[in-house]
Each structure stands twice: as structure tokens, then as C-alpha cells.
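Single-structure report; data block below.
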Amino acid sequence: MNEFFTLNDGSQIPMIGFGTYNEAFEDNKASILAAIECGYRFFDTASLYETERPLGNAIKESGIDRKDLIIETKLWIDEMGAAGVKKAVEKSLNRLQTDYIDIYMIHWPRQTGADDEKWKELDIETYSAMEELVDQGKVKRLGLSNFLPHHLKNILDNCRIRPVVDQLELHPGYSQEAAVSYCKKNDVLPMAWSPLGRGRENATIGNSILVKLADRYGKSIQQINLRFLLQKGILPIPKASSKEHMEANMKVFDFDLSDDDVMILSSMPQNAWLGEHPDFFIPDRKSNPENI
């Protein structure tokens, strides 16, 4: 795969990444090795996912030169703050068996939902500590995850090093037009987690609009979803547990959706949201202290 997006620092990143959120895998390392064999060179993980270690093991076993790969990982809400960042990055580097992280991200903008009155200060403190990691060479670029426009603005107004990406839930049926527009206006690449909608009704399988478009183009519904995101300038990071699906997710560069069909998908009822709002949803998840 040789198609790339150009980030705001001038570097390039493959137009499709591979998501390693752990629920997709029975054998994490084997799945990642299969993805490498299929040509994936950009991998998304997080301390929360507990897939950093198998990703590092797979990369080492693959024999692929580290400089030919892009690794993106995230620190979780219980790792935020200046002291937390310093500990979190060392653990991630150790698990990944690498000297540097290509893109390091804040995973979630608030620790305690709507009751978190100091989220702005904590985000700035955390991000500032991450900027120091760039100065030290431990991290090459910074990013954000689940940051809506007001969260992103807080960082942009106070940062020294601009974030290159913002990772959001994006797919037909939840296209977050306002958030995507704000990212693009500020030269931050929007990135899609759950680009296939996790198979939710009205998002992927069974949706009548997507079924008709898949038939029209001779493609799968999943390929229609991915092509839709790419044409909107969004980088998708699908996950797949079988090599067949990994390969299929890469075969989206041989067709274009018409402008009308892109608009049809953009205008679908926004009823496929997975329900995790970063301002009001309190994640009931903690990073595993044993995962070191």
C-alpha cells in the first residue's frame, strides 16, 4: 500500500492503519503478524488495550525495519498529569520494545465526565509533558483521541507542538461533521476508530443504504464504509481477526464513490453512535498495572 496522507509536520502516514483493540483477537501476536504480511505498516494501540506487548513482539519477529513502521499508542486517564506521562511512556516503550513512539496520544479528554471541572488544566499539563517527550526524542509526534472541538481548541490554544491527528468514532451513521470540519480547519488529520461501526445495525450490516451501495459498486459494505471515510479525508483504522478481512480492508483504492453517494452517506440518520460521549461518559476501565 503506497497511498499516504500528509500530516501538518510534513511527514506522511499510510491512508489505512490497523487497529489492535484487543476484543478482535484470540491470538494478538499472530493477528498482527498476519496484518504485517498483508502490507499494513501503521499500527494503532494503547496502554488500555493491552496489545502493546504483542505488537512489539510481532514487529520484532517480522523482521521489518522499525523505520518502515508507524506505531501509535495512547496513555489512559489514570496515566495523565506530568508525573503520569513520564511513567506511562517508559512502560509503553518497554512493552513495544522500541526506542521511540511515532504518535503518542491522550486517550480521553476528561477523567470524571461532566463533573470534571479541571479537565482543561489537566489536559494542558499532560500535553505539555508529552511535548517534552518530543524534545527528548522518545516521541516523534503528538495526537489526541476522542477530543471534540472544544477539547481540541483547549490544546491548540496552549500547545507548543501541534497535534497531528485526532482519533474519533467515525463511520456512516455517525460521521461527526462538526468535529471533522474543525479538525480540518485547524490542519489536524481526523482518524476513525470503529470505522466499520462494529457491525451495529444502521451502521454496517443490514443497513439498506449501504446494502444498495455495496451492490452498486460490487464491493462489501465494509469497503464502502472505508472508501467513504477516505474520500472525506479521514484515516480509518479498521481491525480484523482474519487475513481475508485484513486483505479486503486494503482493497479500497480501486474505486471511487460518486459525490452524490458520499453526500448520501454523510446525510444518513445519525443513529449508529456507540454511546460513549467524552464529556458525559465516565469510562469504567483502568489500565492494568500488571501490563508493564
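In this chain, residues are counted from 1 in sequence order.
The side-chain contact (heavy atoms from CB on, under 4.5 Å) test applied to T6 returns Q12, not counting sequence neighbours. For R110, the side chain to side chain donor-acceptor pair (under 3.5 Å) partners at least two apart in sequence or on another chain are D279. Partners of D261 under the side chain to side chain donor-acceptor pair (under 3.5 Å) rule, at least two apart in sequence or in another chain, are R216, Y217, S258. When the ring-ring contact (aromatic ring centres under 6.0 Å, His included) test is applied to H277, the partners found at least two apart in sequence or on another chain are F280. Residues satisfying the side-chain contact (heavy atoms from CB on, under 4.5 Å) criterion with A58, sequence neighbours excluded, are K29, I32, L33. Checked against side chain to side chain donor-acceptor pair (under 3.5 Å), S242 has the following partners two or more places apart in sequence or in another chain: H245. Checked against side chain to side chain donor-acceptor pair (under 3.5 Å), K219 has the following partners two or more places apart in sequence or in another chain: D254. With sequence neighbours excluded, the residues satisfying side-chain contact (heavy atoms from CB on, under 4.5 Å) with Q176 are L148, L168, E169, L170, Y174, A179. With sequence neighbours excluded, the residues satisfying salt bridge (charged side-chain N to carboxylate O under 4.0 Å, His left out) with E37 are K243. Residues satisfying the side-chain contact (heavy atoms from CB on, under 4.5 Å) test with K153, not counting sequence neighbours, are D157, Y182. Partners of Y104 according to the ring-ring contact (aromatic ring centres under 6.0 Å, His included) rule, which considers only residues two or more places apart in sequence or in another chain, do not exist here.
Residue pairs satisfying the ring pair (Phe, Tyr, Trp, His ring centres under 6.0 Å) criterion with at least one member in residues 113-135, sequence neighbours excluded, are listed as follows: W119-H151.
The closest side-chain heavy-atom distance from I106 to L142 is not below 4.5 Å. With contacts defined as side-chain heavy-atom distances shorter than 4.5 Å, the pair Q222/N225 does not qualify. Two residues are said to be in side-chain contact when any heavy atoms from C-beta on lie closer than 4.5 Å; L210 and L265 meet this criterion. Looking only at side-chain heavy atoms (C-beta outward), L230 and M15 come within less than 4.5 Å of each other. Residues V85 and E125 form no side-chain contact, since every pair of their non-hydrogen atoms from C-beta on lies 4.5 Å or further apart. Contact annotation: the side chain of L274 approaches that of W193 to within less than 4.5 Å [non-hydrogen atoms, C-beta and beyond]. Looking at P163 and L156, their side chains come closer than 4.5 Å, going by heavy atoms from C-beta outward. Residues F253 and I16 meet the side-chain proximity criterion, which asks for heavy atoms closer than 4.5 Å.
Around the NZ atom of K60, the shell of radius 6.0 Å holds no more than 12 heavy atoms that belong to other residues, nucleotides or ligands. Heavy-atom contacts from other residues, nucleotides or ligands closer than 6.0 Å to CG of D65 number more than 12. The 12-atom threshold is exceeded at CD of Q136, counting heavy atoms of other residues, nucleotides or ligands nearer than 6.0 Å. More than 12 heavy atoms of other residues, nucleotides or ligands lie within 6.0 Å of NZ in K232, so this atom counts as buried by the packing criterion.
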key: N28 vs E50, side chain to side chain donor-acceptor pair (under 3.5 Å): CA-CA, chis, key distance, verdict   = CA-CA 10 Å; N28 293 311; E50 299 187 8; over 6 Å; no
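Annotation: H107 is in aromatic contact with Y49 [ring centroid separation under 6.0 Å].
Between D215 atom CG and K212 atom NZ the span is 10.5 Å, to the nearest 0.5 Å. In this structure, CD in E131 is found 10.5 Å from CD1 in I124, a value given to the nearest 0.5 Å. Note that CD of Q111 and CG of D78 are 8.0 Å apart. Values are rounded to the nearest 0.5 Å. K74 contributes atom NZ, which lies 5.5 Å from atom CD of E72 (distance to the nearest 0.5 angstrom).
Closest approach of A82 and A129 over heavy atoms only: CA-CB, 3.8 Å. Minimum heavy-atom separation, M246 to C38: CB-SG, 3.9 Å. For the residue pair F228 and S175, the shortest heavy atom distance occurs at CZ-CB, 4.5 Å. A248 and V252 make their closest contact through O-CG1, 4.3 Å (heavy atoms, listed as atom of the first residue, atom of the second, distance). The shortest non-hydrogen separation linking P14 to L235 is O-CD1, 3.1 Å. Nearest heavy atom pair, residue N207 against residue I209, reads OD1-N, 3.0 Å.
Side-chain contact of R227 with Q231: a donor-acceptor pair under 3.5 Å is present, judged by distance alone. With no hydrogens or angles considered, a side-chain donor-acceptor pair links E52 and S92 at under 3.5 Å. Side-chain contact, N57 with Q97: a donor N or O sits under 3.5 Å from an acceptor N or O. For the residue pair S47/E79, the side-chain donor-acceptor check at 3.5 Å is satisfied. Judged by distance alone, the side chains of T51 and T45 do bring a donor and an acceptor atom under 3.5 Å apart.
Between the side chain of S11 and the backbone N or O of L7, no donor-acceptor pair lies under 3.5 Å. A side-chain donor-acceptor contact under 3.5 Å links Q270 to the backbone of M268. At distances below 3.5 Å, at least one donor-acceptor pair connects side-chain atoms of N158 with backbone N or O atoms of N154. Under the 3.5 Å distance criterion, the side-chain polar atoms of Q223 are matched with a main-chain donor or acceptor of S220. Proximity of a side-chain donor or acceptor of D102 to a complementary backbone N or O of I71 within less than 3.5 Å is detected.
With C183 as reference, L152 is the one residue of L189, V165, L152 to meet the side-chain contact (heavy atoms from CB on, under 4.5 Å) rule. L75 pairs in a side-chain contact (heavy atoms from CB on, under 4.5 Å) with only one of the listed residues (M80, M105, K87), which is M80.
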